[in-house]
Colleague: 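Okay, handing you the structure first.
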Amino acid sequence: MSIELIRELWDYHHWANHRLFDVTAALGEDVAARELGAHWSFPTLRRMFAHIYGADWLWFRRWNGQSPPALPGAEFATLADLRRRWDELEVEQRRFIGALTEGDLGRSFEFKNAEGGVVRRPLGLLVLHVPNHATHHRSEIATMLTMVSGSPPDTGIHSYTQRSA
């Protein structure tokens with residue numbers, strides 16, 4: 001596992017989140033708060049984004065020695081509130097990922113899960129988990145956006161690599 005690949009994946013993760021978030025924000029709070037059905041992981045675009053933020057926040061806290069009992073997210077009344085907190089977290093995430101070394105990736109990491117059980121995994125696997133988890137929810141967001149406004153811009157890694165080409 002390469003630290004440079006990890007850093008690139010996290011940069012992509014932030015880019016893809018921003019890309020879909022910006023589309024949603026442009027549609028307005030009413031659209032972001034519209035219930036789109038119970039069949040989604042979360043029924044609104046705002047809650048879906050808040051969940052991605054919450055998972056990012058939870059893992060970042062775990063990597064810094066804390067064991068939060070639950071994900072935040074439901075408390076955000078507006079996309080602007082969420083964006084403000086997410087931007088602050090992103091700065092911390094970038095600093096953390098930037099400081100990781102190749103040796104850190106193979107290091108065993110221990111944390112308490114939501115049920116209080118102790119889990120041990122290689123830190124590199126957990127660092128990969130966060131962007132991978134978000135990919136699932138970004139696909140739901142893209143489908144939700146298609147329902148309310150038409151197909152959103154591509155968030156594939158190829159589009160990410162072409163953004164400045």
Colleague: Between R19 and D154, does any side-chain N to carboxylate O distance fall below 4.0 Å?
Modeller: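 No salt bridge links R19 with D154.
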Colleague: Quick check for you: to the nearest 0.5 Å, what is the distance between L126 atom CG and R107 atom CZ?
Modeller: 10.0 Å
Colleague: Could you measure the distance from the CG atom of L82 to the CD atom of E75? Nearest 0.5 Å is fine.
Modeller: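 Result: 8.5 Å between the selected atoms.
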Colleague: Under 4.5 Å between side-chain heavy atoms, hopping through other hydrophobics if needed: is there a path connecting L5 to L128?
Modeller: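 No: no chain of side-chain contacts under 4.5 Å links L5 to L128.
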Colleague: With distance as the sole criterion, is a donor-acceptor pair present between the side chains of R138 and T135 under 3.5 Å?
Modeller: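 Side-chain D/A pair, R138 to T135: present.
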Colleague: Return the CE to OG distance between M48 and S139, rounded to the nearest 0.5 Å.
Modeller: 8.5 Å
Colleague: Taking side chain to side chain donor-acceptor pair (under 3.5 Å) as the definition, give me every residue that meets it alongside R84, ordered by chain and number, with sequence neighbours left out.
Modeller: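 Partners of R84 by the side chain to side chain donor-acceptor pair (under 3.5 Å) criterion, ordered by chain and then number, come out as D81.
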Colleague: Quick check for you: to the nearest 0.5 Å, what is the distance between L58 atom CG and L71 atom CG?
Modeller: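 These two atoms lie 5.0 Å from each other.
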Colleague: Which pair of heavy atoms, one from A142 and one from P152, lies closest together, and at what distance?
Modeller: O-CD, 3.6 Å
Colleague: L20 and side-chain contact (heavy atoms from CB on, under 4.5 Å): which single residue from L45, I141, I52 fits?
Modeller: I141
Colleague: When V31 is tested against each of V148, L36, T44, L79 for side-chain contact (heavy atoms from CB on, under 4.5 Å), which residue passes?
Modeller: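 Of V148, L36, T44, L79, side-chain contact (heavy atoms from CB on, under 4.5 Å) with V31 is met by V148 alone.
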Colleague: Does atom CG of N64 have more than 12 heavy-atom neighbours from other groups under 6.0 Å away?
Modeller: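 Yes, because the 6.0 Å sphere around CG of N64 holds more than 12 heavy atoms from other groups.
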Colleague: Should R34 and D30 count as side-chain neighbours, where that means a heavy-atom distance under 4.5 Å?
Modeller: no
Colleague: Could you give me the CA-CA distance, side-chain angles and deciding distance for T143 and W40, then say whether side chain to side chain contact (heavy atoms under 4.5 Å, CB included) is met?
Modeller: CA-CA 10 Å; T143 305; W40 302 104; 3.4 Å; yes
Colleague: Please state whether the rings of H137 and H133 are parallel, tilted or perpendicular, taking 30° and 60° as the class boundaries.
Modeller: perpendicular
Colleague: For residues W86 and D56, determine if any side-chain heavy atom of one lies less than 4.5 Å from a side-chain heavy atom of the other.
Modeller: yes
Colleague: Would R46 and F49 count as a cation-pi pair here, with the cationic atom under 6.0 angstrom from the ring centre and within 45° of the axis?
Modeller: no
Colleague: Give a yes or no on this: more than 12 heavy atoms of other residues, nucleotides or ligands lie within 6.0 Å of atom NE2 of H158.
Modeller: no
Colleague: Can you find a heavy atom in the side chain of P122 that is under 4.5 Å from one in the side chain of L105?
Modeller: no
Colleague: About how many Å separate CG of L145 and OG1 of T24, when rounded to the nearest 0.5 Å?
Modeller: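 Here the interatomic distance stands at 4.0 Å.
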Colleague: List in chain and number order the residues that pass side chain to side chain donor-acceptor pair (under 3.5 Å) with D87, two or more places apart in sequence or in another chain; answer none if no residue qualifies.
Modeller: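 D87 satisfies side chain to side chain donor-acceptor pair (under 3.5 Å) with R83 once adjacent residues are dropped.
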Colleague: Return the minimal non-hydrogen interatomic distance between D11 and Y160, and the atom names on each side.
Modeller: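 That would be OD2-OH, 2.6 Å.
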Colleague: Partners of H136 by side chain to side chain donor-acceptor pair (under 3.5 Å), sequence neighbours excluded?
Modeller: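 Testing H136 for side chain to side chain donor-acceptor pair (under 3.5 Å), a comparison that skips the adjacent residues, returns none.
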Colleague: The test is side chain to side chain contact (heavy atoms under 4.5 Å, CB included); show your working for E102 and S2 and say whether it passes.
Modeller: CA-CA 7 Å; E102 294 282 341; S2 155; 4.2 Å; yes
Colleague: Locate the shortest heavy-atom distance separating G124 from I6; write the atom from each residue and the value.
Modeller: O-CD1, 4.4 Å
Colleague: Could you state the interatomic distance from CD (Q162) to CD1 (I157), rounded to the nearest 0.5 Å?
Modeller: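 CD1 of I157 is found 12.5 Å from CD of Q162.
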Colleague: Could you give me the CA-CA distance, side-chain angles and deciding distance for D104 and V127, then say whether side chain to side chain contact (heavy atoms under 4.5 Å, CB included) is met?
Modeller: CA-CA 10 Å; D104 290 328; V127 170; over 6 Å; no
Colleague: Are R121 and E110 close enough for a salt bridge, meaning some N to O gap below 4.0 Å?
Modeller: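 No, R121 and E110 are not salt-bridged.
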Colleague: Do R7 and W10 make a side-chain contact, defined as non-hydrogen atoms from C-beta onward lying under 4.5 Å apart?
Modeller: no
Colleague: Answer yes if the ring centres of W15 and H18 are under 6.0 angstrom apart, and no otherwise.
Modeller: no
Colleague: Are the aromatic rings of Y53 and F76 close, with centres under 6.0 Å apart?
Modeller: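 Between Y53 and F76, the centre distance is under 6.0 Å.
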Colleague: For P72 and W57, work out which heavy atoms get closest and say how close.
Modeller: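 Here P72 and W57 meet closest at CD-CE3, 3.2 Å.
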Colleague: So, E92 and R95, do they make that salt bridge, N to O below 4.0 Å?
Modeller: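 No, E92 and R95 are not salt-bridged.
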Colleague: Could you check whether any side-chain heavy atom of Y12 comes within less than 4.5 Å of a side-chain heavy atom of P131, counting everything from C-beta outward?
Modeller: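 The answer is no, as the side chains (C-beta and beyond) never meet within the 4.5 Å cut-off.
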Colleague: Mind checking whether W63 and W59 have parallel, tilted or perpendicular rings, split at 30° and 60°?
Modeller: tilted
Colleague: Hydrophobic cluster membership, with links at side-chain heavy-atom distances under 4.5 Å among I/L/V/M/F/W/Y: are V119 and L125 in one?
Modeller: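 As far as the 4.5 Å side-chain criterion goes, L125 and V119 are not connected within one cluster.
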Colleague: Are N132 and H13 close enough that a side-chain donor and a side-chain acceptor fall under 3.5 Å?
Modeller: no
Colleague: Measure across E29 and A77 and return the closest heavy-atom pair with its distance rounded to 0.1 Å.
Modeller: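 That closest heavy-atom pairing would be OE1-O, 4.3 Å.
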Colleague: Using every non-hydrogen atom in the two residues, find where P68 and R62 come nearest and quote the distance to one decimal.
Modeller: CD-CG, 4.4 Å
